[in-house]
Amino acid sequence: MSNATIILKGRGIVEGVAEGEALVTSETISGWGGIDSMTGTVVETRHELVGQSFKDKVLVFPGAKGSSGWSAAFHTARLAGTAPKAVIFNQMTTKVALGVVVMRTPTVTELDQDPLDVIETGDWVKVDGDAGTVEITKAAARE
Amino acid sequence: MKLNADEQAMLDGDGAPGAEARQKAMNLLVRYGEALGAEKLVATNNVAGTAGSSSTFIRDYYAKDGDGERDRLFSRFDLDSDEATDHIPVARTFTCHLQTRIDPDHAEMMGTPSGAVEFHQEGQAHSASLGVQLLNTCTPYANGNVPVRGEHCAWMESSAVVYCNSVLGARTNTEGRESTAAAMMTGKIPYWGFHLPENRLGQHRIQVEVEMDSVMDWGMLGYFTGEAVEEEIPVLTGIEAPASLIRHKHFGAAAASSGGVEMYHVAGLTPEADTEDRAFGPNKPIQDLKYGPTERRRTYETINASGHSDDVDYIMLGCPHYTIEQIWEAARLLDGKRISTNTALWIFTARQVKDVSDRNGYTKTIEEAGGVILTDTCSAMSAAVPKGTRVAATDSAKQTHYLPAITGVEAWFGSTQDCVEAAITGKWKGEAP
């Protein structure tokens, strides 16, 4: 088991520990107008995740784009019970920082390896927002 | 993050009236600033946000805890606090309200539920009682809130943020609902990102090799730019004549929608780009891109990807909110004409612009042609299009980007003339440049 686990180190920016199945995209995500907060679904028509839900997933993405309603859209997702379990991202912006702070899901960024290269959709990922670490069990090793 | 004495006192809570709300606001700013990696906060006296505009979903959610009352709702959601306070004090800073989700004067036409209108009006009264200026527009810079170069601001609304940084040379990050609420309570915002001069320098060069003669040209270039640089800072070169407020407005709105552009330079024209060298400072361009006829054509096709049927039901103008000059233009194009019985024409603007439009007779001209001038919101914000709309058309690349995702319609993008023509004939005849 241990050799199938990969550990990444970074900076935890929202406290707490959570784990779940990864949903990975190489494309930045819009909040307001890009997701449906009530269902936790990506709705941006030309996004590679269109129609997919991040509810209860560990969302792994490069960063935020689009409207300044980003935080309110993800904040509302928390209220609607559709927020991701944890968040991992690369590019720091005010949109994503405020969004994860008010969504209150454990979040880690500034990892020592690009999480988009290491994590694939379906991998099992544990995010420790206190220690700033990410533990990945590859989907292949889980079978 | 280091706090000065004033900030620390707010975080500790000094027991003065409103201290509890300021404490909650400071707590949020500290969590947010530390997530960013900011070293300190900076004072601001210019906030543009959406304080108090909760949805009925949010109200009902907190009402379960007994926190459905306005001040309590503001503490729970806007200040992201686990406990409510019964007293939200008047804003410490000059604060204006951006666009809302509702035009109370056209609620029925827009299909707004009556309960939502009433709740919205209460929210507006609450915002006013906190000293929030009810500009209700995405274009505060065209409606009396014009920051000066170097001024630290805390603005929301991506199209206003990019205008504030790029065209005015004032300094703001793209703030959100909760951070603007906290800034309004405290007069502080994290000193990070665009507040620091070194973060305002160009990162990519885009050599513009086509004529830039219209709002549509600037909208397309904006959309191309956002896709090319994502949230980084482009420097546009090859543009000689200064663009108008309207052209910058459409460029920035598009670039902030297809990407996350919060600042751009036009070499020789915008305030922090006297020269191309000055715009880049010590930076070397990460990408050296060209925007020529091929790129323009491809961009036009990308923006219009959702458009299929040429039977247009709905023409939407006013994203970002039309200025009085644009309303004047629409009135001239519609003067003495009549729009098709198969189409609706909605033009969105700020309430004070509508006042001038009324006074100048443009509202009458537009209404006689069958169009309507709406205020305070837009189709994307309110998720409202005329009943039965399947195909929309607009002169805004931003609105074309959002409408299909939000309302499920097809959307065409073209010039203002293409749009007015489609309103009159009911047929979309816009063509690639």
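Residue numbers start from 1 in every chain, and the chains themselves are labelled A, B, ... in the order their sequence lines are given, proteins ahead of strands.
With respect to the salt-bridge test (charged N to carboxylate O, under 4.0 angstrom), the residues K65(A) and E262(B) do not qualify.
In this structure the side chain of E44(A) reaches within 4.5 angstrom of the side chain of H401(B), judged on heavy atoms. The closest side-chain heavy-atom distance from W70(A) to T174(B) is not below 4.5 Å. Side chains of V102(A) and L28(B) form a contact here, defined as non-hydrogen atoms less than 4.5 Å apart. Two residues are said to be in side-chain contact when any heavy atoms from C-beta on lie closer than 4.5 Å; E230(B) and E27(A) fail this criterion. Counting heavy atoms from C-beta on, the side chains of S67(A) and Y402(B) come closer than 4.5 Å.
Enclosure of atom CD in E301(B) by more than 12 non-hydrogen atoms of other residues, nucleotides or ligands within 6.0 angstrom is indicated. Enclosure of atom CZ in R11(A) by more than 12 non-hydrogen atoms of other residues, nucleotides or ligands within 6.0 angstrom is indicated.
With a threshold of 4.5 angstrom between heavy atoms, T109(A) does not approach chain B through any atom at all. In this structure, chain A has a heavy atom under 4.5 Å from the backbone of A256(B), while its side chain stays farther away. Contacts between S81(B) and chain A at a heavy-atom distance below 4.5 Å involve the backbone alone (N, CA, C, O). Using a 4.5 Å cut-off between heavy atoms, T180(B) makes no contact with chain A at all. Residue E110(A): no heavy atom, backbone or side chain, is found under 4.5 Å from chain B. With a 4.5 Å cut-off on non-hydrogen atoms, A64(A) touches chain B through its backbone but not through its side chain.
No other option in Q91(A), M92(A), R104(A) has as many heavy-atom pairs under 4.5 Å with chain B as R104(A). With chain A as the partner, the residue from M156(B), E34(B), R177(B), K398(B) showing the most heavy-atom pairs under 4.5 Å is M156(B). Contact tally against chain A (heavy-atom pairs below 4.5 Å) for G259(B), S257(B), P404(B), A38(B): the top residue is G259(B). By number of non-hydrogen pairs under 4.5 angstrom with chain B, the leading residue of L98(A), I13(A), T28(A) is L98(A).
Taking CZ of F77(B) as the start and CZ of R78(A) as the end, the distance is 8.0 Å to the nearest 0.5 Å. The CD1 atom of I58(B) sits 6.5 Å away from the CG atom of L79(A) when rounded to the nearest 0.5 Å. Distance check, rounded to the nearest 0.5 Å: OG1 of T302(B) to CZ of R46(A) gives 5.5 Å. For the atom pair T45(A) OG1 and L403(B) CG, the distance stands at 10.5 Å (nearest 0.5 Å).
Taking both residues in full, the closest heavy atoms of T93(A) and W192(B) are given as CA-CH2, 4.0 Å, listed atom of the first, atom of the second, then distance. Across every non-hydrogen atom of A35(B) and A97(A), the tightest pair is CB-CB, 4.3 Å. Across every non-hydrogen atom of G66(A) and S158(B), the tightest pair is O-CB, 3.9 Å. Nearest heavy atoms, L36(B) versus T94(A): CD2-CA, 3.9 Å. Taking both residues in full, the closest heavy atoms of V101(A) and Y32(B) are given as CG2-CA, 4.1 Å, listed atom of the first, atom of the second, then distance.
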Report task. For the pair E15(A) and R31(B), evaluate side chain to side chain contact (heavy atoms under 4.5 Å, CB included) and give the outcome as yes or no after the intermediate values. Result -> CA-CA 10 Å; E15(A) 62 188 14; R31(B) 283 190 285 143; over 6 Å; no
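With 3.5 Å as the limit, one finds no donor-acceptor pair spanning the side chains of S68(A) and E157(B).
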